[in-house]
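What follows is one structure encoded as structure tokens, with my remarks underneath.
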2 protein chains.
Amino acid sequence: MQPLYEQVRASLIESISGGQWRPGEAIPSEAELAAGFGVAIGTLRRAVDSLVADQVLVRRQGKGTYVVQHDAPRQMFHFFHVASRDGAREHPAVHTVSFRRDRADAAEAASLDIAPAEKVVRIRNVLSLQGRPVLLDDITLPAPLFPGLTEKAFTSRANTIYQLYQSRFGINVLRTDERLRAVMPSADVAALLQIAAGKPLLEIRRVALTFRDRPVELRVSHVDTTDHHYHNTLGKGMPA
Amino acid sequence: MQPLYEQVRASLIESISGGQWRPGEAIPSEAELAAGFGVAIGTLRRAVDSLVADQVLVRRQGKGTYVVQHDAPRQMFHFFHVASRDGAREHPAVHTVSFRRDRADAAEAASLDIAPAEKVVRIRNVLSLQGRPVLLDDITLPAPLFPGLTEKAFTSRANTIYQLYQSRFGINVLRTDERLRAVMPSADVAALLQIAAGKPLLEIRRVALTFRDRPVELRVSHVDTTDHHYHNTLGKGMPA
DNA sequence: AAGTGGTCTAGACCACTAG
DNA sequence: TAGTGGTCTAGACCACTTC
């Protein structure tokens, strides 16, 4: 038998991912929820605690508990780990190079857990920091999950992409799985990042996951690490 | 005023970092501890919970709560994120190339928060996976923290270095701060990793921290990512 | 003053481990 | 059977926000 607080947690997730409580909205008070589920308030709090730890909910003392919104600055940097030499993080300026619809290849289908040759949307973005191109993102999205997605919707608010996924398509990115390697740039990548051909790049292959570890986005990034680096903290709470 | 459970947590940390309970040993039962601190058992549990989350303690139902030992396999991989192409992780074979005493340069002193020109120990290790050299570690340690450290002690159990820090010098590595870049190898690095000069490497600059975020080790790694990658999971509990 | 989340208590009962 | 951690309850009181 599953513990009660796990069942309550699962039930809360249903309500959130089902759109019953929208991002930015407050969920009912702890007393109400506990009464509704027929559990003690301590048990309800334990379920909420775990969702707060997973960044799905945020508590605001004296006000209520809210569904997180991904456009908040600290949500933004939760998944953006590129920092400049002095450790400062900055919002990148995003420029969309291309936006088109295609079919998934075998590797992509495997990564995204979709059928081979499933329809996908491909977006290529150049991200600039301090006015210089530093990062090239190649994003692949399963088309069925993003109905009616247009380039315009993407570019108009592209610096908070996960917020777009959440507000327009009800998709909460909770976790990402990243693999990093050092590579030599291809010609087109070098051109877009305006670098010499002999300069190595950091390649990040990221799969973004939502509830139940379902993949929703594949993103391959190439980073010019001349003046920037990828920052990672292991062993405790989130990086600041 | 600090919450009670925070005070209890701080007190527990004192007992652990002070060597009162040694790694691998069980701490007193929750009932005993609660009585000793004069708090409710729920409050004591909350303090213990946070230390379990920080990987300082582990609970074993029916047996007791133990101070973490860093030689456990899952502790090993907590800070070793290099995996092969298929995602499998493997214990590296370690070969010590050099071991010598020196003085810290300015950058190292800043990273380790020690006086300029402080005595340090420098170790250079080559780590092999599947019989091939994949990783070159350049480790810098503040000598005063590691009295009597010899090459022999290091090499004899070098595949669990943090366990050595813990068992011999009472230093618990709790957190690491890593910065990743793509670089071209210097001649000596290329030679030790047996790679061509034109092949890019992943550079990892890691500072290891103990209680109160005190730095205890600086490690610069160079990784041949031809058949391996650096694996990172963001947004939830520890990677498996 | 009313409503919210945050802390703390005291105790019951369950699940697991060991002798 | 005894001892440990794991779950769950019911309620008191505090701190913060809003009206």
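By convention in this document, chain letters (A, B, ...) are assigned in the order of the sequence lines, proteins followed by strands, and residues within each chain are numbered from 1.
For P3(A) and R60(A), each mapped to the nucleotide of DNA chain D holding its nearest heavy atom, the one lying further toward the 5' end belongs to P3(A). When the nearest nucleotides of DNA chain C are assigned to D49(A) and G62(A) by heavy-atom distance, the more 5′-ward of the two goes with G62(A). Ranked by how close their nearest DNA chain D nucleotide is to the 5' end, S29(B) and L4(A) are led by S29(B).
Atom CD of Q61(B) and atom P of dT17(C) are 7 Å apart (whole Å). Distance, R59(B) CZ to dT7(D) P: 9 Å, rounded to whole Å. When the C1' atom of dT4(C) is taken as reference, atom CG of L44(A) falls 13 Å away, rounded to whole Å. Computed from coordinates, the E30(A) CD to dA10(D) C1' distance equals 15 Å when rounded to whole Å. One atom, CD1 of I27(B), and another, P of dG5(D), lie 7 Å apart when rounded to the nearest Å. Distance, F37(B) CZ to dT7(C) C1': 18 Å, rounded to whole Å. If you measure from atom CD1 of I41(B) to atom C1' of dT9(D), you get 15 Å, rounded to the nearest angstrom. The CG atom of L57(B) sits 13 Å away from the C1' atom of dG5(D) (whole-angstrom rounding).
Counted by atom type alone, H231(B) and D177(A) present one or more donor-acceptor pairs between their side chains at under 3.5 Å.
The side chain of T43(A) contributes an N or O atom lying less than 4.0 Å from OP1 or OP2 of dT9(D). Between K63(A) and the phosphate of dT18(D), there is a side-chain N or O to OP1/OP2 separation shorter than 4.0 Å. Phosphate proximity of dC8(C) to R46(B): absent, as no side-chain N or O sits under 4.0 Å from OP1 or OP2.
Nucleotide dG19(C) forms a pair with no other nucleotide shown, judged by Watson-Crick or G-U wobble geometry with both contacts under 3.5 Å.
Looking at the side chain of V39(A), the nearest of the listed nucleotides dT9(D), dT17(C), dT17(D) is dT9(D). Set against dC8(C), dT9(C), dG5(C), the side chain of Y5(B) has dC8(C) as its closest nucleotide.
None of V173(B), T176(B), L174(B) except one satisfies the side-chain contact (heavy atoms from CB on, under 4.5 Å) rule with L234(A); the exception is T176(B).
Taken from CG in L129(A) to CG in D227(A), the straight-line distance is 10.5 Å, to the nearest 0.5 Å.
Ring geometry for F79(B) versus Y162(B): interplanar angle over 60°, hence perpendicular rather than tilted (30 to 60°).
Note on R45(B): a base of the nucleic acid sits closer than 4.0 angstrom, heavy atoms only.
Among all heavy-atom pairs drawn from R85(B) and H229(B), the shortest one is O-CE1, 4.1 Å.
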